[in-house]
Amino acid sequence: EDREGNVWAVTMNGIDRFREFAVPNISIRQGLSNTNSVAITSAKDGSVWVATYNGLNRWKDGRISVLNRIRSAQDSSRTPQGAPYSLFEDSAGRIWLSTVQEFGYLENNRFVPVPDVRGGRITSMAEGPSGNLWLAKEKDGLLHLFQGRVIEKFPWTALGHNDDGRVVLADPSHHGIWLGFS
């Protein structure tokens, strides 16, 4: 949900915005780089970020801009390598994103990789108190980051599960997190 009360959802045909009145579908006709969207997050500045199979899109003031398209390992530009898979905005306003190859955040529309987190699917992110970031990462488990560095790793089996965690949510009232499993 964004700051105006709109609820956004990714679909196989683009993204849908639910609000009090009409529900428009936003797709390649409106500038989305691909209709196959995999993640979406609203930002404090009123923009909505959309991860698609071939790039990171930003919807702001009714317009879509494509921040990056898929790049290869040989491309020296600082856009993330591979298709964005998950998105999250922290309390400092940084947009964090993961691809199969990299994990990091955007700073001045440039991707800043976090070397402590190697490639792989991050299915969910949440921020705890004092800027602690929690990542649910397929196969690797729950990762705890502070100031851009991994300070703890918990394999899913150490948490009593043989399956991967899918969702991590912050619980500020109890100073903890909630985990959802497949």
Side-chain angles (χ1 to χ4, degrees), residues 1-3 5-18 23 32 34-44 48-57 70 80-106 111-182:
E1 184 176 348
D2 66 20
R3 68 181 182 175
N6 299 309
V7 174
W8 295 83
V10 295
T11 71
M12 294 301 289
N13 295 316
I15 58 176
D16 289 340
R17 178 175 60 176
F18 297 88
V23 178
L32 202 61
N34 190 308
T35 57
N36 291 322
S37 305
V38 293
I40 193 165
T41 193
S42 64
K44 292 172 185 68
V48 175
W49 293 84
V50 183
T52 72
Y53 285 156
N54 73 339
L56 183 60
N57 299 249
I70 300 305
Q81 200 178 99
Y85 183 77
S86 59
L87 299 169
F88 178 76
E89 184 186 34
D90 68 13
S91 59
R94 287 180 296 226
I95 301 294
W96 293 82
L97 62 112
S98 73
T99 73
V100 173
Q101 291 89 3
E102 295 184 288
F103 172 76
Y105 59 91
L106 296 177
F111 181 71
V112 178
V114 174
D116 276 4
V117 181
R118 28 178 249 278
R121 286 195 169 176
I122 294 171
T123 57
S124 184
M125 299 177 239
E127 184 177 16
S130 306
N132 289 278
L133 195 62
W134 295 90
L135 311 176
K137 189 166 185 236
E138 283 183 353
K139 313 268 185 273
D140 291 348
L142 181 66
L143 305 181
H144 179 194
L145 279 73
F146 184 69
Q147 296 180 343
R149 300 190 60 80
V150 175
I151 59 172
E152 293 180 288
K153 292 182 183 181
F154 302 94
W156 298 124
T157 54
L159 299 172
H161 283 267
N162 292 324
D163 55 339
D164 296 335
R166 293 290 180 207
V167 178
V168 58
L169 295 171
D171 183 354
S173 65
H174 292 96
H175 304 289
I177 57 171
W178 287 91
L179 294 172
F181 290 86
S182 56

Practice task
With the side chain counted from C-beta on, respond yes when Phe18 and Glu1 share a heavy-atom pair under 4.5 Å apart, and no when they do not.
Solution key: no
Quick one: side chain to side chain donor-acceptor pair (under 3.5 Å) partners of [X], sequence neighbours excluded?
{"X": "Ser37", "value": "none"}
{"X": "Asp163", "value": "His161"}
{"X": "Ser42", "value": "none"}

Rounded distance (nearest 0.5 Å) linking atom [atom1] of [X] with atom [atom2] of [Y]:
{"X": "Leu169", "Y": "Ile177", "atom1": "CG", "atom2": "CD1", "answer": "9.0 Å"}
{"X": "Leu32", "Y": "Asn57", "atom1": "CG", "atom2": "CG", "answer": "4.5 Å"}
{"X": "Thr41", "Y": "Leu97", "atom1": "OG1", "atom2": "CG", "answer": "11.0 Å"}
{"X": "Lys153", "Y": "Leu135", "atom1": "NZ", "atom2": "CG", "answer": "11.0 Å"}
{"X": "Glu152", "Y": "Trp134", "atom1": "CD", "atom2": "CH2", "answer": "5.0 Å"}

For residues 6-15, which side-chain N or O atoms pair as donor and acceptor with protein atoms under 3.5 Å away, sequence neighbours left out?
residue, atom, partner, partner atom, Å
Asn6, ND2, Asp2, OD2, 3.1
Asn6, ND2, Glu4, OE1, 3.4
Trp8, NE1, Asp2, OD2, 2.9
Thr11, OG1, Asn13, N, 3.1
Thr11, OG1, Gly14, N, 3.3
Thr11, OG1, Gly14, O, 3.0

Practice task
Please step through side chain to side chain contact (heavy atoms under 4.5 Å, CB included) for the pair Tyr53 and Val38, ending with a clear verdict.
Solution key: CA-CA 7 Å; Tyr53 285 156; Val38 293; 3.1 Å; yes
Handout entry: side chain to side chain contact (heavy atoms under 4.5 Å, CB included) between Leu56 and Phe111, worked out
Key = CA-CA 11 Å; Leu56 183 60; Phe111 181 71; over 6 Å; no
Problem - Partners passing ring pair (Phe, Tyr, Trp, His ring centres under 6.0 Å) against Phe146 (at least two apart in sequence or in another chain) - result: none
Practice task
Using the test ring pair (Phe, Tyr, Trp, His ring centres under 6.0 Å), find all partners of Tyr105 that sit at least two apart in sequence or belong to another chain.
Solution key: Trp96
Fill in the blank from the handout: By salt bridge (Lys or Arg N to Asp or Glu O under 4.0 Å), Asp171 pairs with (sequence neighbours left out) none
Practice task
Could you tell me which residues satisfy salt bridge (Lys or Arg N to Asp or Glu O under 4.0 Å) with Lys44, sequence neighbours excluded, listed by chain and number?
Solution key: Glu89
With [X], which residues qualify under side-chain contact (heavy atoms from CB on, under 4.5 Å), at least two apart?
{"X": "Pro155", "result": "Thr157, Ala158"}
{"X": "Leu159", "result": "Leu142, Phe154, Trp156, Leu179"}
{"X": "Ala92", "result": "Asp90, Arg94"}

Handout entry: Nearest heavy atoms of Pro115 and Pro113, plus distance in Å
Key = CD-O, 3.4 Å
Handout entry: Nearest atoms (heavy-atom pairs only) where Lys139 meets Asp164
Key = N-OD1, 3.4 Å
Listing, residues 116-132 side-chain donor-acceptor contacts under 3.5 Å, not counting sequence neighbours, or none:
residue, atom, partner, partner atom, Å
Asp116, OD2, Val150, N, 3.0
Thr123, OG1, Ala136, O, 3.3
Thr123, OG1, Gly165, O, 3.3
Thr123, OG1, Arg166, O, 3.1
Ser124, OG, Val168, N, 3.0
Ser124, OG, Val168, O, 3.3
Glu127, OE1, Ser91, N, 2.6
Glu127, OE1, Ser91, OG, 3.4
Glu127, OE2, Ser91, OG, 2.8
Asn132, OD1, His144, NE2, 2.7
Asn132, ND2, Pro129, O, 2.6

Practice task
Examine distances only and state if a side-chain atom of Asn54 and a backbone atom of Thr52 form a donor-acceptor pair shorter than 3.5 Å.
Solution key: no
